[in-house]
Amino acid sequence: MTNSTQKIKAGILGASGYTGAEAMRLLLRHPNVEMTLLTADRKAGQPVEEVYPHLGGYGLPDMIAVEDADWNTVDVVFCGLPHGTTQEIIATLPATVKVVDLSADFRIEDPATYAEWYGHEHRAMELQKGAVYGLTELYRDKIKSARLVACPGCYPTAVLLSLVPLVAAGLIDADDLVIDAKSGITGAGRGLKQNTLFSEAGEGLSPYSIAKHRHAPEIEQEVAKAAGCAAADMRVNFVPHLIPMSRGELITSHVRLSEGKTAADLRAEIAKVYEGEPFVRLLKEGAVPQTQMVRGSNNCVINVFEDRIKGRAIVIAAIDNLVKGSSGQAVQNMNLMFGLEETLGLEQAPLFP
């Protein structure tokens with residue numbers, strides 16, 4: 001274990017985005033972390049309080065352009081940059097710097113699949129070979145020894161936590177997964193987009209990227225592993241929706257039960273797999289997961305319901321897309337990478353109302 005008084009020097013690349021801000025918020029109260037580097041090209045030269053007033057007064061360094069970064073001042077970097085950009089930057093870092101990537105650059109293992117969905121060839125395949133998929137509860141042991149961890153997308157985090165144990169145990173049909181996903185507007189990033197303006201998104205609910213969302217191949221990759229088949233042979237029905245709230249995510253998965261299995265069997269398996277987990281909780285029978293239960297926390301709540309259609313069940317999971325779905329999970333992974341208690345910096349209870 002890392003010395004309890006040791007300070008890990010952390011840098012955040014893309015600190016002006018929502019995930020960067022959330023990482024700063026969480027790391028400010030981490031007893032073993034000192035933030036020494038914040039990059040944000042469009043906000044370079046600005047103090048943090050000018051970009052995020054709620055983070056003023058904490059003595060954080062000013063934001064700088066990434067080309068001005070001194071990598072000798074960091075032990076770990078959190079990358080919240082657009083896809084494609086992270087690959088090129090990480091390839092130039094000293095091998096001594098550990099990387100927790102919040103972008104999509106190292107999540108997809110197959111280079112052809114990556115190129116198909118992201119529109120360009122992978123630019124750092126040597127690094128990709130050593131990347132560990134950062135779904136903490138399922139890959140904890142690999143994360144502990146990794147130099148580069150690719151944190152899952154927000155949708156895959158909730159989907160996979162709720163479905164992978166059931167697929168792996170043979171309790172549900174991996175070829176019949178219908179995933180209805182809903183996320184708060186921060187999931188679209190901080191950049192100016194017409195569809196996320198208040199007057200466009202408020203008082204409404206809209207699906208987007210129907211049958212073509214980039215999180216689908218990521219989900220298929222991991223479900224295929226659990227099912228013991230090739231990712232190319234796996235297809236899930238995945239439709240995301242934009243909800244007019246700032247943060248929060250709710251996943252409703254409609255599944256076909258394996259022969260002779262019941263919703264109670266699914267509940268029992270989830271209870272067994274996540275027994276003792278600090279952040280994943282199976283709710284009491286009949287309790288409905290809600291985003292209000294997890295807001296501002298690193299928690300994931302799950303429950304299973306019997307469908308009215310014979311042989312089917314409904315699995316529901318809720319997370320905060322900015323915490324467990326992004327920056328919180330990133331901090332959780334960093335803790336493992338440095339031999340710290342996994343819950344450090346993440347102990348806060350959910351906010352309500």
Side-chain angles (χ1 to χ4, degrees), residues 8-24 26-27 33 35 37-41 66 69 71 74-111 113-115 117-118 120-140 142-157 160 187 189-190 214-215 217-219 221-222 298 321-338 345:
I8 298 166
K9 296 179 179 179
I12 300 175
L13 311 187
S16 62
Y18 289 134
T19 57
E22 196 71 351
M24 285 188 279
L26 296 171
L27 292 174
V33 172
M35 282 176 278
L37 175 67
L38 303 175
T39 78
D41 286 356
V66 70
W71 305 118
V74 295
D75 302 309
V76 61
V77 293
F78 293 84
C79 298
L81 300 170
H83 71 269
T85 307
T86 301
Q87 295 168 2
E88 298 174 346
I89 292 175
I90 290 178
T92 68
L93 298 184
T96 54
V97 176
K98 295 186 178 184
V99 179
V100 184
D101 185 21
L102 286 75
S103 81
D105 272 12
F106 295 95
R107 298 172 186 163
I108 304 296
E109 296 171 0
D110 178 58
T113 301
Y114 177 88
W117 286 84
Y118 287 92
H120 62 85
E121 298 297 318
H122 201 286
R123 296 162 184 156
M125 278 309 301
E126 286 304 312
L127 288 173
Q128 177 66 63
K129 293 174 184 177
V132 173
Y133 191 68
L135 192 61
T136 319
E137 286 74 15
L138 301 186
Y139 293 108
R140 183 175 281 116
K142 290 183 178 181
I143 292 167
K144 288 178 180 178
S145 59
R147 185 231 167 182
L148 168 56
V149 171
C151 292
C154 55
Y155 286 129
T157 294
L160 297 172
R190 202 183 187 197
R214 287 168 168 167
H215 285 176
E218 187 182 335
I219 294 169
Q221 170 183 281
E222 298 303 315
N298 199 51
N321 61 296
L322 288 179
V323 190
K324 186 58 172 172
S326 187
S327 302
Q329 187 164 218
V331 172
Q332 190 178 354
N333 287 331
M334 182 210 71
N335 286 336
L336 287 172
M337 295 166 78
F338 283 89

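Atoms considered below: every heavy atom in the structure, side chains included; atoms not considered: hydrogens, waters and symmetry mates.
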Closest heavy-atom pair and its distance - [X], [Y]:
| X | Y | value |
| --- | --- | --- |
| Thr86 | Cys79 | CG2-CB, 3.8 Å |
| Val76 | Ile8 | CG1-CG2, 3.8 Å |
| Ala146 | Lys98 | O-CD, 4.4 Å |
| Pro156 | His215 | CD-ND1, 3.2 Å |
| Ala330 | Cys151 | CA-SG, 3.7 Å |
| Leu102 | Ser327 | CD2-OG, 3.7 Å |

Return the [atom1] to [atom2] distance between [X] and [Y], rounded to the nearest 0.5 Å.
| X | Y | atom1 | atom2 | value |
| --- | --- | --- | --- | --- |
| Leu81 | Ser103 | CG | OG | 7.0 Å |
| Asp101 | Ile90 | CG | CD1 | 4.5 Å |
| Ile143 | Asn333 | CD1 | CG | 4.0 Å |
| Thr157 | Gln329 | OG1 | CD | 4.0 Å |
| Lys324 | Glu137 | NZ | CD | 3.5 Å |
| Leu27 | Ile12 | CG | CD1 | 5.5 Å |

For this session: Go through the steps to decide whether Tyr155 and Glu218 satisfy the test side chain to side chain donor-acceptor pair (under 3.5 Å), and finish with yes or no.
Result: CA-CA 10 Å; Tyr155 286 129; Glu218 187 182 335; over 6 Å; no
Going by heavy atoms in the side chains, are [X] and [Y] under 4.5 Å from each other?
| X | Y | result |
| --- | --- | --- |
| Leu37 | Trp71 | yes |
| Phe78 | Met334 | yes |
| Tyr18 | Asn321 | no |
| Phe106 | Gln87 | yes |
| Met337 | Val132 | no |
| Tyr118 | Asp105 | no |
| Met24 | Leu38 | yes |
| Leu336 | Val149 | no |

For this session: Could you tell me whether the side chains of Glu22 and Ser326 share a donor-acceptor contact shorter than 3.5 Å?
Result: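 No donor-acceptor contact under 3.5 Å links the two side chains.
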For this session: Report the relative orientation of the aromatic rings in His120 and His83; use parallel for angles under 30°, tilted for 30 to 60°, perpendicular for over 60°.
Result: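 Rings of His120 and His83: parallel, as their planes differ by under 30°.
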